[in-house]
Q: 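First the structure, which I've put down as structure tokens, then a few questions once you've had a look.
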Amino acid sequence: MQYWLFKSEPTTFSIDDLMHSPKQTTHWEGVRNYQVRNMLRDEIKVGDQAFFYHSNCNPPGIAGTMEIVKAGYLDESAFDPQSKYFDPKSSRAKPLWYQVNVRFLKKLTRYISLEELKKQPLLKNMPLLRQGNRLSVTKVTKEEWEFIYKLFRAN
DNA sequence: GCCAACGTTGGC
DNA sequence: GCCAACGTTGGC
């Protein structure tokens with residue numbers, strides 16, 4: 001089992017939106033970055049767990065956790081001209097984009113801001129904290145995952 | 001295949 | 001809203 005961190009802008013889709021989705025599950029569509037596509041298609045497996053990170057908001061930070069319930073499959077929104085994620089370069093014959101399904105696990109007992117994450121020496125290698133990192137999905141090590149769990153058990 | 005121009009992300 | 005970082009595009 002592997003651990004991940006998924007970013008989403010809460011104005012687009014927040015952890016509360018996930019909580020209130022049917023079966024607390026959603027398809028994580030709209031990824032249009034090749035590195036992240038490769039992770040979705042090849043690496044992320046059913047049973048993997050992920051942090052739900054709120055980006056481009058005040059303050060950004062980790063809000064909760066979720067679980068992968070369906071591994072990589074075609075992102076249909078790329079084929080839909082009405083979708084804001086439409087990509088004419090992707091076709092069913094030669095699909096470019098993939099998605100996974102995720103299910104809500106829980107909200108953290110408290111929100112862990114990016115500022116707080118940055119203070120932790122143990123987390124300094126997280127891709128999330130590297131300057132200029134823009135990937136919307138990144139790997140989290142077991143050590144980082146467990147450390148962040150301890151962080152929100154405190155207080 | 002280089003690289004300038006352009007678009008997007010996302011913290012601040 | 002600014003702007004640094006960085007991915008993508010397209011002319012050559």
Side-chain angles (χ1 to χ4, degrees), chain A residues 2-21 26-44 48-66 68 71-102 104-141 143-145 147-152 154-155:
Chain A
Q2 287 195 277
Y3 300 98
W4 307 91
L5 181 143
F6 282 45
K7 289 185 199 173
S8 180
E9 301 193 13
T11 52
T12 303
F13 190 80
S14 72
I15 191 154
D16 289 325
D17 294 328
L18 179 61
M19 260 179 88
H20 297 119
S21 295
T26 194
H27 52 288
W28 201 269
E29 67 177 11
V31 168
R32 297 293 179 264
N33 170 283
Y34 288 103
Q35 284 183 65
V36 177
R37 187 279 309 271
N38 293 345
M39 288 188 260
L40 292 171
R41 187 188 58 191
D42 305 329
E43 295 192 64
I44 300 178
D48 285 1
Q49 294 184 9
F51 287 124
F52 195 123
Y53 178 88
H54 282 175
S55 67
N56 204 10
C57 59
N58 189 16
I62 294 175
T65 59
M66 53 195 184
I68 310 303
Y73 65 105
L74 296 190
D75 182 344
E76 299 286 328
S77 66
F79 309 135
D80 176 7
Q82 306 305 318
S83 170
K84 65 172 175 173
Y85 301 123
F86 176 61
D87 182 355
K89 296 193 300 300
S90 185
S91 65
R92 285 177 198 283
K94 278 193 161 183
L96 284 180
W97 305 116
Y98 287 75
Q99 62 187 338
V100 298
N101 287 3
V102 296
F104 174 80
L105 277 181
K106 54 185 171 183
K107 272 192 175 181
L108 303 193
T109 52
R110 65 189 182 86
Y111 186 78
I112 304 182
S113 69
L114 175 63
E115 183 186 19
E116 186 171 359
L117 294 170
K118 280 180 174 170
K119 285 182 189 162
Q120 309 300 331
L122 261 163
L123 301 179
K124 68 177 191 298
N125 291 324
M126 287 183 79
L128 175 74
L129 305 183
R130 274 208 295 273
Q131 190 181 27
N133 174 62
R134 295 174 5 189
L135 298 182
S136 61
V137 174
T138 52
K139 284 184 194 180
V140 174
T141 68
E143 290 71 27
E144 289 160 352
W145 181 273
F147 182 77
I148 291 169
Y149 255 82
K150 277 185 207 149
L151 261 188
F152 73 79
N155 293 17

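Sequence lines set the chain letters: A, B, ... in the order given, protein chains first and strands last, and positions in each chain run from 1.
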Q: Please report, rounded to the nearest Å, how far the P atom of B:dC12 is from the CG atom of A:Asn58.
A: 10 Å
Q: Can you tell me the distance, in whole Å, between the CG atom of A:Leu129 and the C1' atom of B:dG11?
A: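 Taking CG of A:Leu129 and C1' of B:dG11, I get 12 Å after rounding.
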Q: CD of A:Gln131 versus P of C:dC3: gap in Å, rounded?
A: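 It works out to 16 Å between those atoms.
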Q: Look at the aromatic rings of A:Phe13 and A:Trp28 and report parallel, tilted or perpendicular, splitting at 30° and 60°.
A: perpendicular
Q: Can you confirm if the aromatic rings of A:Trp97 and A:Phe86 lie within a centre distance of less than 6.0 Å?
A: no
Q: I need the CG-C1' distance between A:Asn56 and C:dG1, as an integer number of Å.
A: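 So the CG-C1' distance, A:Asn56 to C:dG1, works out to 12 Å.
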Q: Find every protein N or O atom lying less than 3.5 Å from an N or O atom of nucleotides 7-10 of chain C, and list the pairs.
A:
unit_1: C:dT9; atom_1: OP1; unit_2: A:Lys89; atom_2: NZ; d: 3.2

Q: Has the side chain of A:Tyr111 got a donor or acceptor atom that lies under 3.5 Å from a matching backbone atom of A:Pro59?
A: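 A pair under 3.5 Å: yes.
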Q: Where do A:Leu129 and A:Leu117 come nearest, in terms of heavy atoms and distance?
A: CD1-O, 3.8 Å
Q: Can you tell me how far P of B:dG11 sits from NE2 of A:His54, to the nearest Å?
A: 12 Å
Q: Report yes or no: do A:Ser77 and A:Arg32 form a side-chain donor-acceptor pair below 3.5 Å?
A: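 Yes, because at least one side-chain N or O of A:Ser77 sits under 3.5 Å from a partner of the opposite role on A:Arg32.
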Q: Minimum heavy-atom separation for A:Leu96 and A:Arg37, please, with both atom names.
A: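 Closest approach of A:Leu96 to A:Arg37: O-NH1, 2.8 Å.
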